[in-house]
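Quick note on labels: first sequence line is chain A, next is B, and so on, each numbered from 1. The figures that follow rest on heavy atoms only: side chains count, while hydrogens, waters and symmetry mates do not.
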Amino acid sequence: MAMFQTLPGFRDFYPEDLAKRNHIFRIWRQTAAAFGFVEYDTPVLEPLDLYRAKSGDEIEAQLFSFTDKGKREVALRPEMTPSVCRLVGERAGSLKRPIKWFSIAEFYRYERMQKGRGRCFFQFNADIFGEAGPEAEIELIALQIQCMRAFGLTPDDFCIRLSDRNLWFHFLGSLGLDEEKIRALLGAVDKFERNGDAAFKGYEERFGPLDPATKARVLSFLAIRSFDEIESALGAGASPAITARLADWRKLLGGLSAMGLSAFVQVDLGVVRGLAYYTGFVFEAFDRKGELRALAGGGRYDDLVGKLGGSDLPAVGFAIGDMTFALLLDERGLTPVVSQAPDVYCVIGGEAERKSAFADILALRAIGYRVDYPMKEVAFGKQFKAAVESGAKVALIYGSEELARGVVKLRDLGDRSEQEFPAAAVAESVLAFFSGP
RNA sequence: GCGGUCAUAGCUCAGUUGGUUAGAGCACUAGAUUGUGAAUCUAGGGGUCGCGGGUUCGAGUCCCGUUGGCCGCCCCA
């Protein structure tokens, strides 16, 4: 029993765990780069006010926050958005647009542990700044899909539910509700899927009973699952603002369709995301079976950079969390098996032979091969067993007989065939062996 | 923050109505085996039975507390 445990909700990564994590990150990085996104990073520790400014005081309960030795109130970052808003806000005037940035970083939230949720977790974040039109959403939704597809996940495994807080604002505004009521009602819509009718309780406690006709219209609006339904609900006699918004929808859906991604996208106005700062399209990825919490989520937040970074910049972004994503890969049997085996394992006769081997070992490693050998003098039989168990492709045999003849023997641990190389040209010979047919 | 449930070796678990020095398999180390492969045999290391207190002649076992895991609620940027 270890003397110390990790803090609740924190994780150790043993080599095999870290290999899996790194493999996931590697694919996310490659994918983001393929989409033309560049990587950035920010401090883990930030001024507490950065998060207060965005989300208000009540958020403090879920922050790892404390006062540092300089009497500054600080917090471990619970998300990337405020930090990245600061970065782009500071240089908004000099950055080429569109600004396409991504990061892979660890975050901390003081919450109760649950399946797919801990107190520390990693997120892949991607954002586009400086593009106000739905072209940015096309790019980001496509990236989000590819970040999951790249692991072999299909439309049978997950889908992106697409909604629009802007449309909800127009719709509820047309019912005569003011902004405060609209925001409260969107909170109810967000909870409706989970809590049913009880979701409206908070609204009604604050503003009184919701007019039944209005409620009926809200319920039928949040049940919308296709663009056709949106059009028939709003299209006839719509205001210019709604007409323009419907054009944005057509552009977004058309773009995703042209990319061949329609099967991954589900229009679903029941998703509005709880966050008040989202201003337009919002999208959330779920597993198809509905067994896990959300895999990824994002949306447009056109007012936040101005609020946190000082310069007005339209923005869209999303994040994928590592925990739920890893659970989904496990469930589908898609967790990558990452080999950390050496390419070459050296079998060494004795101390004299060891000296001959060392020069070659270092030369091979310098070329980039993974090379291992026994630390101590052990029997040949054991060394061959160790070579096989290491997973190496070949064994290089430095025996006294071979070296006396000026050769080193290579044994293919797969087909058990052997060949000899001149002892003076081992690195070149191994290189030729591996690049040969 | 609330409720349910669980906790014995690195892993999976056994452990009698409370009774001697807490066990097995797997894994690990070494030997049999000083030049060729996942086998076999033998030996070894590894446990304050999550932690603390109580009941008892005696607690892994019963009681209370606590910490941690899992599941659900709240929340979920």
Plane angle bin for Trp28(A) and Phe325(A) - parallel if under 30°, tilted between 30 and 60°, otherwise perpendicular: tilted
Main-chain N/O of Gly89(A) paired with Ser311(A) side-chain donor or acceptor, under 3.5 Å: yes
Atom-pair distance (CG on Asn125(A); P on A77(B)), nearest Å: 13 Å
Touch class at under 4.0 angstrom, heavy-atom based, for Pro8(A) against every strand present: sugar-phosphate
Atom-to-atom span, CD of Glu389(A) to C1' of U29(B) - whole angstrom: 13 Å
5'-most by nearest nucleotide on RNA chain B - Leu7(A) or Asp412(A): Asp412(A)
Whole angstrom value for the distance that separates C1' of U36(B) from CG of Leu413(A): 10 Å
Identity of whatever pairs with G23(B) - Watson-Crick or G-U, under 3.5 angstrom: C13(B)
Sugar-phosphate, base or nothing in reach of Lys376(A), heavy atoms under 4.0 Å: nothing
Euclidean distance for P, A59(B) against G1(B) (whole angstrom): 35 Å
Selected nucleotide, minimal atom distance to Met113(A) side chain, candidates C75(B), C70(B), U34(B): C70(B)
Atom pair distance, as rounded to whole Å: CZ in Phe384(A) and C1' in A38(B): 15 Å
Under 3.5 Å: donor-acceptor pair, side chain of Ser83(A), backbone of Thr42(A): no
N/O donor-acceptor pair, side chain Glu377(A) with base U34(B), under 3.5 angstrom: no
C1' gap between G58(B) and U67(B), integer Å: 27 Å
Sugar-phosphate, base or nothing in reach of Gln383(A), heavy atoms under 4.0 Å: nothing
Touch class at under 4.0 angstrom, heavy-atom based, for Arg112(A) against every strand present: base
Basic-acidic side-chain contact under 4.0 Å: Asp68(A), Arg72(A): yes
Geometric class of the Trp101(A)/Tyr40(A) ring pair [parallel <30°, tilted 30-60°, perpendicular >60°]: tilted
Who pairs with G1(B) - Watson-Crick or G-U, where each distance is under 3.5 Å: C73(B)
Length of the line joining Lys385(A):NZ and A30(B):C1', which is rounded to integer Å: 11 Å
Sugar-phosphate only, base, or nothing, as touched by Arg77(A) at under 4.0 Å among non-hydrogen atoms: nothing
Pairwise P distance, U66(B) and C76(B) [rounded to whole Å]: 29 Å
Watson-Crick or G-U wobble mate for A43(B), both contacts under 3.5 Å: U29(B)
Lys382(A) side chain, from C-beta outward: closest of A77(B), G31(B), U34(B): G31(B)
5'-most by nearest nucleotide on RNA chain B - Gly9(A) or Arg293(A): Gly9(A)
Spacing between Met375(A) atom CE and U29(B) atom P, to the nearest angstrom: 14 Å
Whole angstrom value for the distance that separates P of U36(B) from CD1 of Ile348(A): 17 Å
Atom P, compared across C63(B) and U56(B): separation rounded to whole Å: 16 Å
Under 3.5 Å donor-acceptor pair, Gln114(A) side-chain atoms to G69(B) base atoms: no
Glu193(A) side-chain N/O to Val271(A) backbone N/O, donor-acceptor pair under 3.5 Å: no
Aromatic-base stack, Phe380(A) on G35(B), cutoff 5.5 Å, angle under 30: yes
Whole-Å P distance, G69(B) and U8(B): 14 Å
Side chain Asp17(A), main chain Tyr14(A), donor-acceptor under 3.5 Å: yes
Whole-Å distance separating the CZ atom of Arg117(A) from the P atom of G69(B): 13 Å
Quiz item: Arg194(A) side-chain donor-acceptor pair to C73(B) base, under 3.5 Å: no
Ring centroid separation Phe35(A) to Phe102(A) under 6.0 Å: no
Sugar-phosphate, base or nothing in reach of Gly116(A), heavy atoms under 4.0 Å: nothing
Polar side-chain contact Lys409(A)-U36(B) base: donor and acceptor under 3.5 Å: yes
Touch class at under 4.0 angstrom, heavy-atom based, for Met80(A) against every strand present: nothing
Whole-Å C1' distance, G31(B) and C70(B): 43 Å
Sugar-phosphate, base or nothing in reach of Glu353(A), heavy atoms under 4.0 Å: nothing
Out of C76(B), G31(B), C71(B), whichever nucleotide has its closest atom nearest the side chain of Lys115(A): C71(B)
Inter-nucleotide P distance (C13(B), G52(B)), Å rounded: 25 Å
Separation between the P atoms of G50(B) and U16(B), rounded to whole Å: 15 Å
